[in-house]
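First the structure, in the form of structure tokens, and then the observations on it.
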Amino acid sequence: MKQKTLTNTMDYQELADVYEQLDKTTKNLEKRDIIADFLKRTPKSELANVILFLNGEIFPSVSEEVLGIADKMVLKALSKITGKNENAITNVWKEKGDLGLVAEQVVKKKTQTTLSQEKLTISYVMEILRAIARFEGENSTQKKTGSLAKLLSSAKPKEARYITRTALGDLRIGVGFGIIRDAIVKAFNVEKEHVQHAYDFRSDLSELVLLAKESGNKGLKNVDLKVGKPLRLMLYQKAQGISNGFTRVGAPAAIEYKYDGMRVQCHFKKGEVTLFTRRLDDVTKQFPDLVGALKEHVSCKECILEGEAVAYNSKTKEYVPFQILGKRIKRKHRIDEIAKKIPVVLYVFDMLYLEGKNLLLEPFKKRRAALERIVRKKAWQVELAKQVITGNEDKAQRFYNEALEKHQEGVMMKKLDAQYQPGSRVGFGVKVKPILEPLDLVITGAIWGEGKRGKWLSSYVLSCKKGDVLAEIGKMATGLSEEQFEEVTKRLEPLITKTSGKRVEVQPKLVVEVGYEEIQKSPTYSSGFALRFPRLIRFRDDKEEPDDLERIKRIYQDQKSLSQKQA
DNA sequence: CTTGTCTGCCCC
DNA sequence: ATTCTGC
DNA sequence: GCAGAATGGGCAGACAAG
């Protein structure tokens, strides 16, 4: 008689079996039941590890630690196990479309020759992966790949599949927070809204699951918004034009500029300011100028507000492209220097908490009013997002055009009486952006896909004409249906002229119409330009030649001076 | 020392 | 970020 | 309508390679 629930350890094999069951079904309710069942029989001591693993994590997302392993390091590790070079492994990868499956095969072949197998426990696998994350300095790559190789060698084939996918941060089992939440609800007999509520304010699954098990609804309800701890951001959907926007959020609505910068959640407490990104990373150190400006121009003891940080040129007082702001986001050295060189202005647009009062359930217009009360506007430092309130389509359209003329991305349209809904894309607000004139480009290369696109060439290298030759301008991998991926793969395969790893070069025959948000200067592509957010609009089988670089240069210049738009 | 490669629940 | 897909 | 998967450009940092 086994006493699994009485022991404090659990075999990784059990988790691997669960992963496989989840992999096999596409039905969300079945996935929920599989996970709920597993959580119920997981001992308390393993629960935190199990819930992280189910979410494909090694560390809670609130942690600053990262694993530091991706496909190239996994290739190195698999190369160590097999003694084959990385090119040979890459060829298998290309066929299978999943490094987890490659690892599984590698281990399967190996176990035929080695007999003794010690069982891996969940906590042991977690311990090793975390140790791998902590290697640093000289030879750390060797140490990381060595440890990973050793771990995979001691795993069974199926375990190797999922350890590898976990290391790559891509479980591909169709499980995200939504299903895990519903499984917690079922396993520990708690209310869905309470689990969601606790997650919105902490985003730490391992803390959450223990709370659900130990303290139930009461414990979950007690988790509250706390200044200094980031909460999940409200997300916005896309609308197709102003008129569609009104039907989605109602009229009248608040309409605001959509600035091209970085979203920032700002916490004030006892004179201290903390800044968080959209993914809830702490970027306070990176923006000392913003911290200073906020301390000076926001008058409150405690509050949480939200805004968009936009970079500008201090001499010309013109906004600069997002790329330039990007230089500041991950900066760790010489921060003051870059802060002077690339100043930012914060356009604040929401207030979530003020002087002990949670404002999330207040209607948006009241939150905006609170913001207007406590933020003292200071030009080019802290300003309120430009806003009009109207139900008039012409007026809204004029405001939208004005935003575009000032080189912003478009507008946000917000429901006046909507609450702040953390973490979900409910339709309380929508974004409206213009459709730019598309480009006709020719496919000159492609890359074999991963996962559900494993059988197809699923990313396409695009080129334009540059005089008599072709010049690359980027890649495109979205906008196609599965049927279209199949078709393009069939059409490109006979055109392949060269293969290297997962990449192929093809004769330039297939012309496609490509949509995008912006043309950027590129340090990567031979044309000197790249597209921001490229996607397929349609095939241009009527055309044999792509657009010329001159046209792209012209659009780039137009973008800088007058923003071109089509309704 | 310089240059190239890889990584990131990165930012968009 | 965008887009497609299954529920 | 939602959640999940698969993919885009480009940035700094960390380390490897030369």
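Just so we're clear, the structure is a prediction, and the values are computed from it rather than from any experiment. Per chain, numbering begins at 1; letters A, B, ... match sequence-line order.
Counting non-hydrogen atoms under 4.0 angstrom, I342(A) reaches nothing in the nucleic acid. No engagement by L29(A) is indicated, since no non-hydrogen atom pair under 4.0 Å with the nucleic acid exists. Using a 4.0 Å heavy-atom distance criterion, R328(A) is classed as making no nucleic acid contact. Residue S481(A) is classed as a sugar-phosphate contact, given heavy-atom separations below 4.0 Å to backbone atoms only. Residue-level contact check: G479(A) touches the backbone only, with heavy atoms under 4.0 Å from sugar-phosphate atoms and none from bases. Residue G56(A) is classed as having no contact, given no heavy-atom separation below 4.0 Å to the nucleic acid. Counting any heavy atom pair closer than 4.0 Å across all strands shown, G137(A) reaches sugar-phosphate atoms only and no base atom. Counting any heavy atom pair closer than 4.0 Å across all strands shown, G515(A) reaches no nucleic acid atom. Using a 4.0 Å heavy-atom distance criterion, K31(A) is classed as making no nucleic acid contact.
Among the nucleotides dG10(D), dA14(D), dG9(D), the one closest to the side chain of Y525(A) is dG9(D). Residue R331(A) has its side chain nearest to dG13(D) when only dG10(D), dG13(D), dA1(C) are considered. Set against dG8(B), dT2(C), dG9(D), the side chain of K433(A) has dT2(C) as its closest nucleotide. Closest approach to the T141(A) side chain among dT2(C), dA16(D), dG13(D) is made by dA16(D) (side chain taken as heavy atoms from C-beta onward). Out of dG4(D), dC12(B), dG8(D), the shortest distance to the side chain of I179(A) is found at dG4(D). Checking dC11(B), dA16(D), dG13(D) against every side-chain atom of H333(A), the shortest atom distance belongs to dG13(D). Each of dG9(D), dC11(D), dA16(D) was ranked by its minimum atom distance to the side chain of N139(A); first place goes to dA16(D).
Under 4.0 angstrom from either OP1 or OP2 of dC6(B) there lies no side-chain N or O belonging to K144(A). Between S522(A) and dG9(D) there is no side-chain polar atom (N or O) within less than 4.0 angstrom of OP1 or OP2. In this structure, S140(A) does not reach the dA14(D) phosphate: none of its side-chain N or O atoms is under 4.0 Å from OP1 or OP2.
Enclosure of atom NZ in K80(A) by more than 12 non-hydrogen atoms of other residues, nucleotides or ligands within 6.0 angstrom is indicated.
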| query | Going through the checks in order, is the side-chain contact (heavy atoms from CB on, under 4.5 Å) test met by L346(A) and F287(A)? | reply | CA-CA 11 Å; L346(A) 185 74; F287(A) 294 92; over 6 Å; no
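Across dG10(D) and dG8(B), the matching C1' atoms stand 12 Å from one another, rounded to whole Å.
In terms of modelled atom types and a separation under 3.5 Å, the side chain of K192(A) and the main chain of R181(A) share no donor-acceptor contact.
Note: F177(A) and Y199(A) have parallel aromatic rings, judged against thresholds of 30 and 60 degrees for the angle between ring planes.
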